[in-house]
Amino acid sequence: MTPSTIRLTKIGSETVLAPKGPLTYQNCGELETIFNECISQHKTDLILSCKDVSFIDSESLELLVRMHETLIKQGGMLKIINLVEACRDILFATRLIKVFHVYNNINEAIRNVP
């Protein structure tokens, strides 16, 4: 991924990260960098839009778990939206679907506070 492949937008108090393409060991560093920038700016309510993410590998899943844990410690939350079928299957197979806050769309994610 190049720096322009993760789009950042703000919706209310939540920051939406929208990567484009697969999240793999080759490119999850960019997501981690952007995540760390969000944390340093006290943006702790993050939504990861996976509409354009076709695949998530194990290293990226580990990063998402670390992000999730860090945000909880900071009093925030990571919400995941718009999972394509392949990525949803990966979360089910790894049982991470029960760890993350997964929603079908942005409206559902904003409305629901677990």
Side-chain angles (χ1 to χ4, degrees):
M1 277 190 209
T2 62
S4 63
T5 60
I6 297 180
R7 191 183 50 184
L8 280 168
T9 56
K10 188 97 166 130
I11 298 179
S13 65
E14 307 206 41
T15 301
V16 180
L17 289 74
K20 190 168 186 140
L23 290 177
T24 67
Y25 72 95
Q26 296 167 316
N27 58 27
C28 69
E30 181 188 356
L31 180 59
E32 185 171 23
T33 298
I34 291 173
F35 170 74
N36 289 331
E37 289 171 4
C38 288
I39 290 294
S40 71
Q41 297 170 9
H42 306 290
K43 296 177 183 175
T44 57
D45 291 316
L46 302 180
I47 296 175
L48 181 67
S49 175
C50 294
K51 180 179 79 169
D52 296 319
V53 175
S54 57
F55 178 75
I56 304 173
D57 73 1
S58 60
E59 188 166 328
S60 297
L61 288 173
E62 288 175 18
L63 172 61
L64 293 178
V65 169
R66 286 194 311 271
M67 289 170 59
H68 173 73
E69 291 170 350
T70 299
L71 289 170
I72 288 173
K73 289 177 187 171
Q74 299 281 329
M77 176 180 310
L78 174 66
K79 297 177 181 179
I80 300 174
I81 62 169
N82 300 328
L83 283 170
V84 298
E85 187 174 348
C87 293
R88 185 173 293 277
D89 289 347
I90 290 167
L91 290 185
F92 271 109
T94 59
R95 297 187 183 150
L96 289 172
I97 198 82
K98 294 180 181 182
V99 172
F100 297 125
H101 303 284
V102 178
Y103 302 95
N104 291 320
N105 57 56
I106 189 80
N107 294 326
E108 191 179 294
I110 291 172
R111 275 195 315 266
N112 289 297
V113 179

**Q** Which pair of heavy atoms, one from Glu30 and one from Thr5, lies closest together, and at what distance?
**A** OE1-OG1, 3.2 Å
**Q** Less than 4.5 Å apart, side chain to side chain, heavy atoms only: is that true for Leu8 and Thr15?
**A** yes
**Q** Near Lys10 NZ, under 6.0 Å, is it more than 12 heavy atoms from other residues, nucleotides or ligands?
**A** yes
**Q** Between Ile81 and Asn105, what is the shortest heavy-atom contact and its length?
**A** CG2-O, 3.6 Å
**Q** Is it true that the side chains of Asp57 and Ser60 contain a donor and an acceptor less than 3.5 Å apart?
**A** yes
**Q** Supply the atom-to-atom distance Met67 CE to Leu46 CG, rounded to the nearest 0.5 angstrom.
**A** 6.0 Å
**Q** Which pair of heavy atoms, one from Leu83 and one from Cys50, lies closest together, and at what distance?
**A** CD2-CB, 3.9 Å
**Q** State the NZ-CG distance between Lys79 and Leu48, to the nearest 0.5 angstrom.
**A** 13.0 Å
**Q** Taking Thr33's backbone N and O only, do any of them form a donor-acceptor pair with Asn36's side chain (distance below 3.5 Å, no angle check)?
**A** no
**Q** Rounded to the nearest 0.5 Å, what separates atom CG in Asn107 from atom CG in Asn112?
**A** 10.5 Å
**Q** Provide the closest heavy-atom pair for Cys87 versus Phe55 in the form atom of the first, atom of the second, distance.
**A** SG-N, 3.7 Å
**Q** What's the spacing between Ile72 CD1 and Gln74 CD if we round to 0.5 Å?
**A** 11.5 Å
**Q** How about Leu61 and Leu91: do any of their side-chain heavy atoms sit closer than 4.5 Å?
**A** yes
**Q** Should the ring pair His68 and Phe100 be called parallel, tilted or perpendicular, given that the plane angle runs from 0 to 90° and is split at 30 and 60?
**A** perpendicular
**Q** Would you say that Ile47 contacts Tyr103 through its side chain, given a criterion of any heavy-atom pair below 4.5 Å between the two side chains?
**A** no
**Q** Could you tell me which residues satisfy side chain to side chain donor-acceptor pair (under 3.5 Å) with Ser49, sequence neighbours excluded, listed by chain and number?
**A** Asn82
**Q** Could you pull out the closest heavy-atom pair between Glu14 and Ala109, with the gap in Å?
**A** OE2-O, 4.4 Å
**Q** How about Thr94 and Val99: do any of their side-chain heavy atoms sit closer than 4.5 Å?
**A** no
**Q** Does Leu23 share a hydrophobic cluster with Tyr25, counting links as ILVMFWY side-chain heavy atoms below 4.5 Å and allowing steps through other members?
**A** no
**Q** Measure the CG-CD1 distance between Leu63 and Ile56 for me, rounded to the nearest 0.5 Å.
**A** 10.5 Å
**Q** Taking the side chain as everything from C-beta on, heavy atoms only, tell me whether Met77 gets closer than 4.5 Å to Leu71.
**A** no
**Q** Heavy atoms only: give me the nearest Val84-Lys51 pair and the separation to one decimal.
**A** CG1-O, 3.5 Å
**Q** What's the separation between atom CG in Leu78 and atom OG1 in Thr44, rounded to the nearest 0.5 Å?
**A** 11.0 Å
**Q** Is it the case that the side chain of Asp52 and the backbone of Ala18 share a donor-acceptor pair, with hydrogens and angles ignored and the cut-off at 3.5 Å?
**A** no
**Q** If we only count heavy atoms from C-beta on, is the Glu32 to Arg66 side-chain gap below 4.5 Å?
**A** yes
